[in-house]
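So the structure is just underneath, and the comments pick up after that.
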Amino acid sequence: NYTVNFTNSMSAAQFVPVMSISNITSYSTAIAFDAGPNLNSGGYTGYASTSYFKFITGNSASSVPQDPAICSVAIFGA
């Protein structure tokens, strides 16, 4: 899993992350506000605040976490 820390905290925890990852497999995906342990864990609480958010990458068909070679993140927020 990954944690993105903001240099300057957001005024509110209302933001949208846009993520792009390199192709690990034909079922590669990135899931925001989740930190695992697998892609089906559904742990969506406590994984974002005004100063950070967490996400996980992996194979959506098997729910196995995998690290991509390239991971890009953009944040849009208030």
Side-chain angles (χ1 to χ4, degrees):
N1 68 44
Y2 298 92
T3 300
V4 176
N5 294 302
F6 307 139
T7 302
N8 298 312
S9 293
M10 299 281 189
S11 59
Q14 298 172 345
F15 56 87
V16 176
V18 177
M19 300 170 295
S20 174
I21 61 173
S22 60
N23 193 19
I24 304 166
T25 68
S26 58
Y27 298 102
S28 298
T29 190
I31 301 173
F33 311 118
D34 196 353
N38 58 46
L39 273 64
N40 292 330
S41 63
Y44 300 110
T45 58
Y47 295 112
S49 77
T50 58
S51 60
Y52 73 92
F53 86 95
K54 295 185 178 195
F55 69 98
I56 190 169
T57 61
N59 183 320
S60 62
S62 65
S63 186
V64 174
Q66 295 173 321
D67 292 330
I70 300 170
C71 186
S72 302
V73 177
I75 306 295
F76 297 91

### Message
Asn8: which residues meet the side-chain contact (heavy atoms from CB on, under 4.5 Å) condition with it, sequence neighbours left out?
### Response
none
### Message
Quick check on side-chain contact (heavy atoms from CB on, under 4.5 Å): which of Val73, Asn1, Ile31 does Phe55 satisfy it with?
### Response
Val73
### Task
For residues Pro17 and Phe15, report the shortest heavy-atom separation together with the two atoms involved.
CD-O, 3.9 Å
#### Entry: Listed partners of Thr7 passing side-chain contact (heavy atoms from CB on, under 4.5 Å), at least two apart
none
### Task
Without swapping roles, check the side chain of Thr50 against the backbone of Ser9 for a donor-acceptor pair under 3.5 Å.
no
### Message
If the condition is ring-ring contact (aromatic ring centres under 6.0 Å, His included), which residues does Tyr52 pass it with, not counting sequence neighbours?
### Response
none
#### Entry: Set of side chain to side chain donor-acceptor pair (under 3.5 Å) partners for Ser51, sequence neighbours left out
Ser49
### Query
Can you pull the side-chain hydrogen bond (donor to acceptor under 3.5 Å, both in side chains) pairs that have at least one residue in residues 61-75, sequence neighbours excluded?
Tyr2-Asp67, Asn40-Ser63
### Task
Using the side chain to side chain contact (heavy atoms under 4.5 Å, CB included) rule, take Thr57 and Met19 through it: C-alpha gap first, then chi angles, then the decisive distance, then the call.
CA-CA 10 Å; Thr57 61; Met19 300 170 295; over 6 Å; no
#### Entry: Results of side-chain contact (heavy atoms from CB on, under 4.5 Å) for Ser28 - residues two or more places apart only
Ile21, Asn23, Ile24, Thr25
